[in-house]
Amino acid sequence: MRFCILTIYPEMFPGVLGHALAGAALREGRWSMEVRNIRDYALDKHRTVDDTPYGGGAGMVMKPQVLADAIDDAQRWMPEARLMFMTPRGHVLQQAHIHAWMHDDHVQDYIILCGRFEGIDERIIDVYQPIEVSIGDYVLFGGEVAAQVVMEAMVRHHRGVLGNQQTTDEESFALGAENACLLEYPHYTKPPLWNGRSVPEVLLSGHHQHIHAWRWAQAERVTELRRKDLWEAYCAQRGKTT
Ligand code: 6GU
């Protein structure tokens, strides 16, 4: 799996992805990342990448030709790559998207364009038709952190990166699969009694069927309480009444 990142802040990468499991997998070559500075495609002596918006208003807009040259260069390098543009106007990222992209065996290359300022010239979107991706309904300074969120979610699902495959498999009943999903059940570890609080008896029983049933019931309960949207989708899929 290969990523090509287009940004005016290349020093922000690999960022969090240089550490822990993702970082180890990067060093082992299980996934790779090439970071290109959009500013390198600016031709004037000040290396200008932005300009004032037509029609007036606050903020600056990234210039089309500089972006086009950066994207063209990345696409020459990765002709089959999926092009993504990080923007709060995009589709809000869901685990189902990660799942769909990861299981498309045809495309394992991704070019991720990180926007800054007020945005990019709309004609770039018209011409290149990137997948526009947001990580939630709030506004960040730019797409760099969001790109790392998308990459971490993908790297995490990449074969051989997660040591314990069961961790993702088990999530197919919690958040994870393409199906409607539930939030995670509560977890406990040693000691059995901490600060006067004990661990639910069933988890100490060694009875795997009972444990499974308890966890499932807990996952349903927490999902119904916290996330009516997920709960309704889950019930609809299972023909359950809410
Ligand atoms: Cl992808 N970019 C920015 N600038 N803000 C965001 C976002 C992306 N996703 C949520 N907020």
Side-chain angles (χ1 to χ4, degrees), residues 1-19 22 26 31 33-42 48-64 66-68 70-71 74-75 78 81-102 104 107-158 175-176 181 183 226-227 229-230:
M1 189 168 54
R2 303 190 297 177
F3 295 98
C4 180
I5 314 300
L6 306 178
T7 172
I8 57 166
Y9 293 109
E11 64 280 7
M12 290 184 175
F13 291 86
V16 293
L17 300 176
H19 302 270
L26 178 61
W31 65 281
M33 187 196 68
E34 161 119 353
V35 188
R36 301 264 173 98
N37 191 344
I38 293 169
R39 215 174 274 288
D40 290 345
Y41 297 88
T48 312
V49 294
D50 60 330
D51 209 334
T52 54
Y54 276 124
M60 300 291 271
V61 177
M62 289 178 99
K63 292 163 70 67
V66 179
L67 291 172
I71 296 168
Q75 288 185 332
M78 285 181 172
R82 202 175 250 125
L83 177 62
M84 297 186 187
F85 170 46
M86 303 309 304
T87 167
R89 262 179 45 176
H91 302 282
V92 177
L93 186 70
Q94 306 285 324
Q95 191 67 28
H97 300 133
I98 302 293
H99 210 266
W101 297 331
M102 294 300 301
D104 180 352
V107 188
Q108 287 299 306
D109 291 343
Y110 304 87
I111 298 166
I112 306 182
L113 173 62
C114 302
R116 277 271 152 179
F117 315 112
E118 287 312 297
I120 71 174
D121 191 300
E122 188 71 17
R123 291 167 292 185
I124 287 295
I125 294 166
D126 298 340
V127 170
Y128 291 94
Q129 305 199 344
I131 307 171
E132 296 179 69
V133 181
S134 164
I135 61 163
D137 293 334
Y138 39 81
V139 182
L140 307 171
F141 283 128
E144 284 77 6
V145 166
Q148 288 177 32
V149 167
V150 171
M151 291 161 72
E152 178 162 334
M154 290 176 62
V155 166
R156 193 172 164 279
H157 263 256
H158 193 51
L175 254 175
C181 50
L183 299 178
R226 295 186 183 184
R227 292 289 302 274
D229 57 330
L230 294 180

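If you're wondering where the values come from, they're calculated on a predicted model, not measured in any experiment. Along the sequence shown, the residues carry numbers beginning at 1. Just follow the structure's listing: the first ligand is 1, and inside any ligand the first atom is 1.
- Screening residues 110-119 for salt bridge (Lys or Arg N to Asp or Glu O under 4.0 Å), with sequence neighbours left out, gives Arg116-Glu144.
- Within the structure, ring-ring contact (aromatic ring centres under 6.0 Å, His included) pairs that include any residue of residues 115-155 do not occur (at least two apart or interchain).
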May I have the N/O to N/O pairs between ligand 1 and the protein that fall below 3.5 Å, each with atom names and distance to one decimal?
from	atom 1	to	atom 2	distance (Å)
ligand 1	4 (N)	Leu140	O	3.1
ligand 1	5 (N)	Leu140	N	3.1
ligand 1	9 (N)	Ser134	OG	3.4
ligand 1	9 (N)	Ile135	N	2.9
ligand 1	11 (N)	Tyr138	O	2.6

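- Evaluation of the salt bridge (Lys or Arg N to Asp or Glu O under 4.0 Å) rule for Arg123 yields Asp121 as partners, not counting sequence neighbours.
- Crowding of Arg226 atom CZ: a count of heavy atoms from other residues, nucleotides or ligands under 6.0 Å not exceeding 12.
- Atoms CD and CH2, on Gln108 and Trp101 in that order, are 12.5 Å from each other to the nearest 0.5 Å.
- Looking at Met60 and Thr52, their side chains come closer than 4.5 Å, going by heavy atoms from C-beta outward.
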